[in-house]
There are 2 protein chains.
Amino acid sequence: MINELARGLELAKRSATTAPLAAKWRKLAEGRCAEKGERLTPARLAVYAEMLGHGRPLSAYELIARLEQRQGRKIAPLTVYRHLDFLMRTGLVHRLQSAQTYFPCDHPDHAHESQFLLCSSCGHVDEVESSGLETLLAQIADERGFRPDNAVVEVKGLCGVCAVGEQD
Amino acid sequence: MINELARGLELAKRSATTAPLAAKWRKLAEGRCAEKGERLTPARLAVYAEMLGHGRPLSAYELIARLEQRQGRKIAPLTVYRHLDFLMRTGLVHRLQSAQTYFPCDHPDHAHESQFLLCSSCGHVDEVESSGLETLLAQIADERGFRPDNAVVEVKGLCGVCAVGEQD
DNA sequence: GATGATTACGTTATAACATATCTTTTTGAC
DNA sequence: GTCAAAAAGATATGTTATAACGTAATCATC
């Protein structure tokens, strides 16, 4: 009974220490899990919420630091890597290959391949979905007898805001 | 004089333990260095030769191991990273972002942005140069007020040979 | 040839990113 | 409640990359 009490307090503490998560994103996560037969645990949701709350790409270790600070306890790297795997499996989060960071998907309504415009000044991420580009890539592959599985397209540069900031 | 002799032997030993390098690639390297005002040292050339000799993407640490074996001495990671930086600066080598490996450029005649078809079965790299794709990427960026600096395009999948190997 | 500036190279230490392995806890079916 | 499977945690290790510092080679100028 002591244990149950302690556990109750622990759970309350954890939920109190989770970043706020708009209903929109929670519903999306629930939907994706239902589709894929995955389970949406509080820990997984907390990681997702943290990433959404940050709004910029996070490295795995930055993410760990933020979660530890919020929850007031140590979190093992592997734990977060597992959460990230889950979030990527379910299409809720992307990995930005060129920066080794992670970023929540901006296009909640459907799974898809994305392309990214990454601002090297402010860190802003613009997630683009160009069917024209996907078609062209498929065509290039096809011409060479290559059977594509997935494509990484990440353009580094300056976002509109930062580009204006620099006098051209 | 003893020192000079020792040094001479050392140099001889190193050059004897460099991977063979076709004249074509050596000329290319010399040309690029001349253009960019870089210096083509024996150590840099040895790394380049090793990569060309291997013919598949190499991680920095695989590269170190091969160089150490060939030269019979220890090589510090940073040393090789500097050589890789040089080779990338001069456009002789590409970094494959999605695999964190390095691969010599296949299109020696001019500097350019490349796209890659990466076989996840045999490791084959097909370096593609599609102006159509570059134009489309530029257009996508422009529509969003984004000023692109450089683009990573890496498609993972099965090369022609491996795709045939699998019964479709 | 001596001097000093510049660039490259070497060594050690450490940061940053990721996975392996094993144990404990939680969950959900029965 | 019992039990098996899934998830999470703890610890150690592997992999990739950079920092900080000192030394050596190269080259222009005197």
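Reckoned from all heavy atoms, side chains included, excluding hydrogens, waters and symmetry mates. Proteins come first, then strands; the chains are lettered A, B, ... in the order of their sequence lines, and each starts at number 1.
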Open item on the list: So if I take every side-chain heavy atom of A/L78 and compare against D/dA10, D/dT18, D/dA7, which nucleotide ends up nearest?
Closed with: D/dA10
Task: Any donor-acceptor pair under 3.5 Å from B/E154 side chain to A/V152 backbone - done: no
TODO: Ignoring hydrogens and angles, answer whether the base of C/dG10 and the side-chain atoms of B/R73 contain a donor-acceptor pair closer than 3.5 Å.
DONE: no
TODO: Spell out, as yes or no, whether a donor-acceptor pair under 3.5 Å connects the side chain of B/T101 to the backbone of B/L58.
DONE: no
TODO: May I ask you to verify if any side-chain N or O of B/T41 is less than 4.0 angstrom from the OP1 or OP2 atom of C/dC9?
DONE: yes
Open item on the list: For A/Q100 and B/F86, find the nucleotide of DNA chain C closest to each by heavy atoms; which residue's nucleotide sits nearer the 5' end?
Closed with: B/F86
TODO: Would you tell me if any nitrogen or oxygen in the side chain of B/Y102 comes within less than 4.0 Å of OP1 or OP2 on D/dT16?
DONE: no
Open item on the list: Checking side chain to side chain donor-acceptor pair (under 3.5 Å) between A/E50 and each of A/H83, A/R70, A/Q71, which is the one that passes?
Closed with: A/R70
Task: Whether over 12 other heavy atoms sit under 6.0 Å from A/E143 CD - done: yes
Open item on the list: Checking side chain to side chain donor-acceptor pair (under 3.5 Å) between A/Q97 and each of A/H94, A/Q100, A/R95, which is the one that passes?
Closed with: A/R95
Task: Protein-nucleotide distance (A/L96, atom CG; C/dC17, atom P), rounded to Å - done: 13 Å
- [ ] Rounded off to whole Å, could you give me the NZ-to-P distance for the A/K74 and D/dA8 pair?
- [x] 20 Å
TODO: Kindly indicate whether the side chain of A/R82 and the base of D/dG9 share any N or O donor-acceptor pair separated by less than 3.5 Å?
DONE: yes
Open item on the list: Please compare B/R39 and A/R39 by the position of their nearest nucleotide in DNA chain D and report the one closer to 5'.
Closed with: A/R39
Task: Length of the NZ-P vector between B/K36 and C/dT7, whole Å - done: 16 Å
Task: Candidates C/dC9, D/dA8, C/dC17 - which lies nearest the side chain of A/R95 - done: C/dC17
Task: Euclidean distance, atom CZ of residue A/R44 to atom P of D/dG9 [Å, nearest integer] - done: 11 Å
Open item on the list: Counting distance alone, no hydrogens or angles: does the base of D/dA19 have a donor or acceptor under 3.5 Å from a partner atom on the side chain of B/Y81?
Closed with: no
Open item on the list: Need one value for B/E38: base, sugar-phosphate or nothing, where a base atom within 4.0 Å counts as base even if backbone is also close, heavy atoms only.
Closed with: sugar-phosphate
Open item on the list: Please check: side-chain N/O of B/R44 versus main-chain N/O of B/R82, any donor-acceptor pairing under 3.5 Å?
Closed with: no
- [ ] Rounded off to whole Å, could you give me the CD-to-C1' distance for the B/E62 and D/dA17 pair?
- [x] 15 Å
Open item on the list: Nearest to the side chain of A/A60, heavy atoms from C-beta on, is which of D/dA17, C/dA8, C/dA18?
Closed with: C/dA18
- [ ] Would you kindly give the CD-to-P distance between A/E68 and D/dA8, to the nearest whole Å?
- [x] 16 Å
Open item on the list: Quick check on DNA chain C: between B/G37 and B/A76, whose nearest nucleotide comes earlier from the 5' end?
Closed with: B/G37
Open item on the list: Using OP1 and OP2 only, check whether a side-chain N or O of B/T79 sits under 4.0 Å from C/dC9.
Closed with: no
TODO: Kindly point out which of D/dT11, D/dA8, D/dT16 is positioned nearest to the side chain of B/S59?
DONE: D/dT16
- [ ] For B/I75 and C/dC9, give me the distance from atom CD1 to atom C1', rounded to whole Å.
- [x] 12 Å
- [ ] Grab the CG-P distance between B/L40 and C/dT7 for me, whole Å please.
- [x] 17 Å
